[in-house]
Amino acid sequence: MKYLLLLLMIGLTAESVYSQSISVSVVNEHAGFSQSEFPLKSGSLSFSASQISFGDIQLVRPSAWSVSPQGEKVGVLKPDINLNIQLLEYSGATLAEKELDFFDRADETLAIYQFDDGRAVVRDNVANFTFFGPDADLIYSVSNSSRSPDGERESELATDRAGKTIVLYNPVISYGATSGSRARVVYGEGDHTIFFRDDSKRITQLKVSPDGAFISILASDGRSDKAYLFDRFGNKLFESELDQGQAGLTVSKGGEFITAYSRGRVQAFNVLTGERVGSSTSRNPVFYASYIPEDEIILVLGGNLNGDLITEPMASAIHVSKRQIAREEIGFSLSVLNTGNIDIHREQSNRYRVSGLNRELNISTNF
């Protein structure tokens, strides 16, 4: 009888340990990608400090470049006698190229934001954004300068995957001994609205949800952080005080839940009630986390982020109602061009696809 009880106890212990699991695999066509190689709609783009290569083309020492969210287009700023904008297909075929007469090729704040439909936006002179059509013709410009006499950091642009909701924001505006921030939605030429301003908190992250419906902002004054959620028109839906040191926010599809993550902790909140639906600590630094309400699971991607390289990556899944955690080390290094493009898509129950890294990942869970 004692032996039977012992066997039952061993069986129960084994079941409690192995009843939850998580597995991670690389999408087959990305399995051979290096840390400096990123997927396009077809094929890949590789880069080094001096050039980018994709399709049949190599571009040496571009002033700036970017890949559209779905990998359909690549936008490049090329230094010549003057600065040139070149818009290319993922195959390497040039779609349009124009000389930018009034841009300074030596401007250290130059940046380009490329959309999948062929449009592009160029930032220059710290806070000026010029919008171009798919033919590289100039459409309009917007100055996002705060005009603070104490200065400001370079303005940034955030958008959804289709480029429908476009936000320009000043992450840091100096006001003497303090610093603040602001953000505006751009609808078109001469049509833009400032929807966020805080004279004592800096914006540490601003993201537009992949469908363009929501804008999330994480702001900090160095003592505490605050999370905000707005709709695409800038109407505030949620606001919450958080501990200092948050790394980022994500919004669930439909905007019902928001996830906040720091180096060692993840929390998910109900936007309507403000209640916390789940939280967990993490063994290693978190660089992305998202709550999947259909499965009651918080998915966490951890690892040491150094520049664009992610070392010692790990995937975790937290089931908030069952209070169970599953973890798996990812046995290869990953990299990312823009952490704002990382996304976890639910394909079916307990099956997910991670995009925005140099290799897309499949994640499956069992609880």
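Residues Arg197 and Asp199 are paired through a salt bridge, judged by an N-O separation under 4.0 Å between the basic side chain and the carboxylate. Using a 4.0 Å cut-off between charged side-chain N and carboxylate O, Glu89 and Lys41 make no salt bridge. A salt bridge does not link Glu154 with Arg123: none of the charged nitrogens is closer than 4.0 Å to a carboxylate oxygen. Classification of Asp343 and Arg161 as a salt-bridged pair holds, one side-chain N sitting under 4.0 Å from a carboxylate O.
Looking at heavy atoms from C-beta onward, Arg119 lies in side-chain contact with Pro134 at the 4.5 angstrom threshold. Counting heavy atoms from C-beta on, the side chains of Leu77 and Val122 come closer than 4.5 Å. For the pair Met314 and Arg327, the minimum side-chain heavy-atom distance is below 4.5 Å. A 4.5 Å side-chain heavy-atom check between Val336 and Leu305 finds at least one atom pair inside the cut-off. Residues Phe269 and Leu229 have side chains not in contact (no heavy-atom distance under 4.5 Å, counting atoms from C-beta outward). Under the 4.5 Å side-chain criterion, counting only non-hydrogen atoms from C-beta, Leu100 is in contact with Phe132.
Side-chain heavy-atom separations under 4.5 angstrom define the hydrophobic clusters, and the remaining members of the one that includes Ile139 are Tyr113, Phe115, Val121, Phe129, Phe131, Tyr140, Val142, Leu157, Ile166, Leu168, Val186. Think of Phe33 as one node in a network of Ile, Leu, Val, Met, Phe, Trp and Tyr side chains linked at under 4.5 Å; it has no links at all.
Side-chain contact check for Asp225 and Gln244: no donor-acceptor pair (N or O, by modelled atom type) lies under 3.5 Å. Side-chain contact check for Asn235 and Asp231: at least one donor-acceptor pair (N or O, by modelled atom type) lies under 3.5 Å.
Residue pairs meeting the salt bridge (Lys or Arg N to Asp or Glu O under 4.0 Å) criterion with at least one partner in residues 22-37, sequence neighbours excluded, are absent. Legend: salt bridge (Lys or Arg N to Asp or Glu O under 4.0 Å) pairs involving residues 275-301, not counting sequence neighbours, sorted by first then second residue: Asp295-Arg346.
Residues Phe214 and Phe230 keep their aromatic ring centres 6.0 Å or farther apart. Checked against the 6.0 Å centroid threshold, Phe196 and Tyr228 count as a close aromatic pair.
Among residues two or more places apart in sequence or in another chain, the ring pair (Phe, Tyr, Trp, His ring centres under 6.0 Å) test is passed with Tyr169 by none. Contacts of Arg353 classified as side-chain contact (heavy atoms from CB on, under 4.5 Å), with partners at least two apart in sequence or in another chain: Val27, Glu347, Glu360, Asn362.
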Practice task
Begin with the C-alpha distance, continue with both residues' side-chain angles, and end with the deciding distance and a verdict on salt bridge (Lys or Arg N to Asp or Glu O under 4.0 Å) for Lys98 and Asp137.
Solution key: CA-CA 8 Å; Lys98 295 284 176 68; Asp137 282 346; 2.3 Å; yes

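When all heavy atoms are compared, the tightest approach of Ser252 to Pro293 is CB-CD, 4.1 Å. Closest approach of Arg232 and Thr165 over heavy atoms only: NE-OG1, 3.4 Å. When every heavy atom of His30 is checked against every heavy atom of Arg359, the shortest pair comes out as O-CG, 3.4 Å.
When each of Thr250, Ile297, Val320 is paired with Tyr291, the side-chain contact (heavy atoms from CB on, under 4.5 Å) condition holds for Val320 and for no other. With respect to Arg184, the side-chain contact (heavy atoms from CB on, under 4.5 Å) criterion is satisfied by exactly one of Asn144, Val167, Asn170: Asn144.
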